[in-house]
Amino acid sequence: MDARGQSAKCGKVDIPRAGSIAPALLGWYDAHARALPWRAPPGANRADPYRVWLSEVMLQQTTVAAVIPYFERFTTRWSDVAALAAAPEEEVMAAWAGLGYYSRARRLVECARVVADLGAFPEDEAGLRALPGLGAYTAAAVAAIAFGQRAVVVDANVERVVARLFDIDEPLPAARAAIREAADAITPDARSGDFAQAMMDLGAGICSVRAPQCLICPLRSDCRGQARAEQLPVKPPKKAKAQRIGHAWWIERDGAVWLIRRPASGMLGGMRALPDDGWNARRDGSGNPPLDGGWQEAGRVAHVFTHVALDLAVMVSQGGDNPSGEGEWWPLARLDEAGLPTLYARAAAVAMARKG
DNA sequence: AAGTCGGGGCA
DNA sequence: TGCCCAGACTT
């Protein structure tokens with residue numbers, strides 16, 4: 001922003017009255033902030049960095065409603081970063097099951113151990129950005145929300161609000177440079193953490209993707225894009241989703257089922273799973289069972305991932321040889337503790353239902 | 001710059 | 001059904 005703090009010109013985007021936006025938004029936030037388990041009250045200017053970091057990682061591409069129960073379980077079980085650093089990785093992975101994007105869980109443990117070695121979280125954006133699993137967004141968010149540092153926090157909410165505020169109609173992702181400049185121009189030096197959270201609350205509740213409520217928006221007098229708010233930001237066309245076919249094998253002996261652990265990288269990397277026929281993002285499964293013996297289809301699971309739609313046949317057998325290779329017999333009575341990702345939890349439910 | 005990586009909730 | 005979500009990381 002310029003010396004008067006009232007307007008700014010950023011590249012292609014002219015920003016009138018840049019200095020008036022933050023006060024209006026913060027005033028609204030003081031009255032309407034969502035109470036969330038990881039949040040300090042408005043004006044606190046600091047929050048527990050462990051809880052802020054954990055919530056921000058969980059919230060990557062994940063809705064607040066989905067995160068809350070996981071956040072509560074994690075913080076109850078591991079109350080600080082040292083406790084999480086001391087936890088076995090596979091226990092953390094299992095606790096993450098169902099939340100998705102499992103590489104986050106592995107990096108979460110990695111990061112916790114780095115921070116435990118350091119003794120504390122770095123308090124500046126650059127130091128945070130160097131930690132595993134913290135990209136530009138999360139480093140800025142933790143610096144601002146946990147440590148009260150001025151940082152320009154740009155997530156999907158901020159992108160949407162800023163694109164509408166300044167009527168930026170360049171398509172994403174090319175628009176990101178202009179959006180970031182504009183976000184920088186309206187970010188205040190004081191309370192930038194509250195400002196970021198206020199932008200997110202605004203984006204979640206009022207400046208929503210569909211049917212934004214411009215009539216009650218605290219920024220409506222400054223918003224140049226409200227006439228076509230629902231058309232902004234302009235998004236690129238999506239690629240068609242691949243359709244794949246696969247088989248999962250339910251091998252049961254004496255009240256236990258044979259579970260394997262998936263390779264660390266790739267789909268559902270590092271997670272416990274039923275043995276399957278190698279379906280992945282590039283090809284259908286082979287259909288070859290891991291051992292002989294009267295296989296029957298118990299049912300099918302249709303499961304949609306980010307870029308693949310999978311039709312998984314759940315196969316059960318009567319008897320047969322014991323499986324070879326790495327794996328473990330998991331007691332059926334404790335199957336809910338195995339940490340199966342949703343695809344295999346659904347497949348297990350199909351097998352159990354057929355069994356009766 | 002484009003591709004990979006989950007799952008649930010919503011219209 | 002399609003779209004979206006407090007993105008990070010690899011190629």
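Here is the naming used below: chain letters follow the sequence lines, and residue numbers restart at 1 for every chain.
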Can you list, by residue number, the residues of residues 234-243 of chain A that have a non-hydrogen atom closer than 4.0 angstrom to DNA chain C?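 Within residues 234-243 of chain A, the residues near DNA chain C are A:Lys235, A:Lys238.
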Give me the residues of residues 138-150 of chain A where at least one heavy atom lies under 4.0 Å from an atom of DNA chain C, by number, or none.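 Within residues 138-150 of chain A, the residues near DNA chain C are A:Thr138.
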Would you mind reading off the distance between [X] atom [atom1] and [N] atom [atom2], rounded to a whole angstrom?
X: A:His307; N: C:dG2; atom1: NE2; atom2: P; value: 17 Å
X: A:Leu343; N: B:dC5; atom1: CG; atom2: P; value: 14 Å
X: A:Leu128; N: C:dA6; atom1: CG; atom2: P; value: 21 Å
X: A:Leu108; N: B:dC5; atom1: CG; atom2: P; value: 20 Å
X: A:Arg104; N: B:dG6; atom1: CZ; atom2: C1'; value: 8 Å
X: A:Met200; N: C:dG7; atom1: CE; atom2: C1'; value: 12 Å
X: A:Asn280; N: B:dG3; atom1: CG; atom2: P; value: 17 Å
X: A:Met58; N: B:dG8; atom1: CE; atom2: P; value: 15 Å

Using a 6.0 Å distance limit plus a 45 degree cone around the ring axis, check whether A:Arg261 lies over the aromatic ring of A:Trp330.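 So A:Arg261 doesn't make the cation-pi contact.
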When you measure from the centre of the six-membered ring of A:Tyr70, is the NZ or CZ of A:Arg73 under 6.0 Å away and within 45° of the axis?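 Yes; both conditions hold, so A:Arg73 lies above the ring face of A:Tyr70.
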Taking the nucleotide of DNA chain C with the closest heavy atom to each, which residue, A:Arg107 or A:Val64, is nearer the 5' end?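 Mapping each residue to its closest nucleotide by heavy atoms, the 5'-most match is A:Val64.
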Is a donor-acceptor contact shorter than 3.5 angstrom present between the side chain of [X] and the base of [N]?
X: A:Thr306; N: B:dG7; result: no
X: A:Arg176; N: B:dA1; result: no
X: A:Thr63; N: B:dG8; result: no

Quote, to the nearest angstrom, the [atom1] distance that separates [N] from [M].
N: C:dA6; M: B:dG3; atom1: P; result: 24 Å
N: C:dT10; M: B:dG7; atom1: C1'; result: 22 Å
N: B:dG8; M: C:dC9; atom1: P; result: 24 Å

What verdict does the side chain to side chain contact (heavy atoms under 4.5 Å, CB included) test give for A:Asn322 and A:Leu291, after you've listed the backbone C-alpha separation in whole Å, the side-chain angles of each residue and the deciding distance to 0.1 Å? CA-CA 8 Å; A:Asn322 279 332; A:Leu291 50 88; over 6 Å; no
If you compare every side-chain N and O of A:Arg39 against the phosphate oxygens of C:dA6 (OP1, OP2), does one of them come in below 4.0 Å?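 A:Arg39 to C:dA6 OP1/OP2: no side-chain N or O under 4.0 Å.
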Between A:Tyr50 and A:Ser79, is a side chain to side chain donor-acceptor pair (under 3.5 Å) present by the stated rule, with each step listed? CA-CA 9 Å; A:Tyr50 170 65; A:Ser79 62; over 6 Å; no
May I ask you to say what A:Ala66 touches in the nucleic acid, namely base, sugar-phosphate or nothing, with a heavy-atom cut-off under 4.0 Å?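 No contact.
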What nucleotide among B:dG6, C:dC9, C:dG7 has an atom nearest to a side-chain atom of A:Tyr137?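 Per side-chain heavy atoms of A:Tyr137, the pick is C:dG7.
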Which of these nucleotides, C:dA6, C:dG7, C:dC5, is closest to any side-chain atom of A:Leu59?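 Looking only at side-chain atoms, A:Leu59 lies closest to C:dA6.
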